[in-house]
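So the structure is just underneath, and the comments pick up after that.
Basis for what follows: all heavy atoms, side chains included, without hydrogens, waters or symmetry-related copies.
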Amino acid sequence: MMNAKMVKALNKQINEEYYSSYIYLAMAAYLDDQDLDGMGHWMRMQAQEEHLHAMKIFDYMLERGARIELYSVAAPPREWDSPLDAFQGALEHEQYMTANINTLVDLAISERDHATNNIMQWYVSEQVEEEANVENIVKKLKMMGDTGHGLFMMDRELANRPAPSIVAEADGA
Ligand code: FEO
């Protein structure tokens, strides 16, 4: 049985993942409003991925017999200064999420909850990928310029992001 501290921390993480989904949805709306539908699409896919991150913890907790508590999701910002500003915001948000995951790993270790530590290791790897993906976009936007032709090229590239694999993610693959 999972201890109360761990249950509370994981419930909070479900909320953080849903907030992540929400902030990326807000970024999708902002980018779409700038006629950057490809970038908006990328953010929509990211929002879906965050939903899967939340559900993976949700399912794990139910499997362990832990009581789920869903908290209110805060309203995200709705405006950014530029597409680059939005992606930089996404990168900072991912760095914040990495810190959250690291704190959960620390807690799982100190509470000797090896099963939770094990599942959190999946998130540790996932965060490396999440940060790298957004950082790559930020670098390219800086290189190509956050205006005109550069934006157009990036918009086309980001339109190709596939939908996250629900089956693989849900199965913990
Ligand atoms: Fe679920 Fe992008 O952190």
Side-chain angles (χ1 to χ4, degrees), residues 1-31 38-77 86-138 158-173:
M1 185 157 168
M2 209 184 280
N3 83 21
K5 248 197 237 176
M6 203 73 247
V7 171
K8 195 173 173 190
L10 288 176
N11 274 323
K12 184 171 174 290
Q13 188 61 21
I14 290 176
N15 184 266
E16 295 278 10
E17 299 290 355
Y18 271 110
Y19 178 77
S20 303
S21 187
Y22 231 33
I23 196 171
Y24 293 131
L25 211 49
M27 287 174 179
Y30 162 76
L31 291 162
M39 291 188 184
H41 166 80
W42 192 95
M43 287 294 181
R44 276 175 196 242
M45 296 302 101
Q46 187 62 23
Q48 280 187 24
E49 187 145 348
E50 299 301 350
H51 166 72
L52 296 175
H53 289 174
M55 290 308 295
K56 192 177 171 79
I57 299 173
F58 183 93
D59 288 337
Y60 167 70
M61 289 179 74
L62 290 181
E63 212 175 346
R64 292 281 311 272
R67 193 74 181 88
I68 302 277
E69 215 177 319
L70 296 174
Y71 306 127
S72 306
V73 181
F87 279 96
Q88 258 168 341
L91 179 56
E92 279 161 29
H93 184 69
E94 286 307 325
Q95 288 162 344
Y96 166 74
M97 291 301 279
T98 298
N100 285 337
I101 296 296
N102 289 341
T103 302
L104 283 167
V105 171
D106 290 345
L107 183 63
I109 291 170
S110 69
E111 297 298 323
R112 301 179 57 79
D113 185 340
H114 301 292
T116 301
N117 182 23
N118 189 42
I119 196 158
M120 281 302 125
Q121 292 306 316
W122 181 89
Y123 287 85
V124 169
S125 306
E126 179 72 2
Q127 282 309 122
V128 172
E129 199 181 298
E130 295 265 285
E131 282 193 38
N133 290 343
V134 190
E135 197 165 10
N136 185 265
I137 296 168
V138 168
L158 297 184
N160 295 324
R161 179 174 180 174
S165 165
I166 290 167
V167 175
E169 294 270 350
D171 285 354

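- The six-membered or imidazole ring of Y60 lies away from that of W122, with a centre-to-centre distance of 6.0 Å or more.
- Here the straight-line distance linking atom CG of L62 with atom CD1 of I68 works out to 4.5 Å at 0.5 Å rounding.
- One distance of note links CG of N3 with CG of L107; it measures 7.0 Å at 0.5 Å rounding.
- Rounding to the nearest 0.5 angstrom, the gap separating the CE atom in M55 from the OH atom in Y18 is 5.0 Å.
- For the atom pair I137 CD1 and E135 CD, the distance stands at 11.0 Å (nearest 0.5 Å).
- Between E50 and H53, the side chains place a donor N or O and an acceptor N or O closer than 3.5 Å (distance only, hydrogens not considered).
- Using a 3.5 Å distance cut-off with no hydrogens or angles, the side chains of Q88 and E92 do not pair a donor with an acceptor.
- The pair E126-K56 fails the salt-bridge criterion, with no side-chain N (NZ, NE, NH1 or NH2) lying under 4.0 Å from an Asp/Glu carboxylate O.
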task: Determine, step by step, whether N11 and M61 satisfy the side-chain contact (heavy atoms from CB on, under 4.5 Å) criterion, reporting the C-alpha distance in whole Å, the side-chain angles of both residues, the deciding distance to 0.1 Å, and the verdict.
output: CA-CA 9 Å; N11 274 323; M61 289 179 74; 3.5 Å; yes
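- Remark: H93 NE2 to M27 CE distance equals 8.0 Å, nearest 0.5 Å.
- Here the CD-CD distance, from E131 to Q95, works out to 5.0 Å after rounding to the nearest 0.5 Å.
- Across every non-hydrogen atom of A159 and H41, the tightest pair is O-CD2, 3.3 Å.
- L10 places a side-chain heavy atom less than 4.5 Å from the side chain of M120.
- Considering all non-hydrogen atoms of both residues, P76 and A26 come closest at CG-CB, 3.8 Å.
- The two residues N117 and A108 come nearest to each other via the heavy atoms N-CB, 3.6 Å.
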- request: Take Y123 and I57 through the side-chain contact (heavy atoms from CB on, under 4.5 Å) test and state the conclusion after the steps.
  value: CA-CA 10 Å; Y123 287 85; I57 299 173; 3.2 Å; yes
query: Would E16 and K12 satisfy side-chain contact (heavy atoms from CB on, under 4.5 Å), going step by step from the backbone distance to the final call?
result: CA-CA 6 Å; E16 295 278 10; K12 184 171 174 290; 3.1 Å; yes
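- Here the closest non-hydrogen pair linking G40 and A28 is O-CB, 3.5 Å.
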- request: Please report the C-alpha distance between M97 and Q13 in whole Å, then the side-chain angles of each, then the deciding distance to 0.1 Å, and finally whether the side-chain contact (heavy atoms from CB on, under 4.5 Å) criterion is met.
  value: CA-CA 9 Å; M97 291 301 279; Q13 188 61 21; 3.5 Å; yes
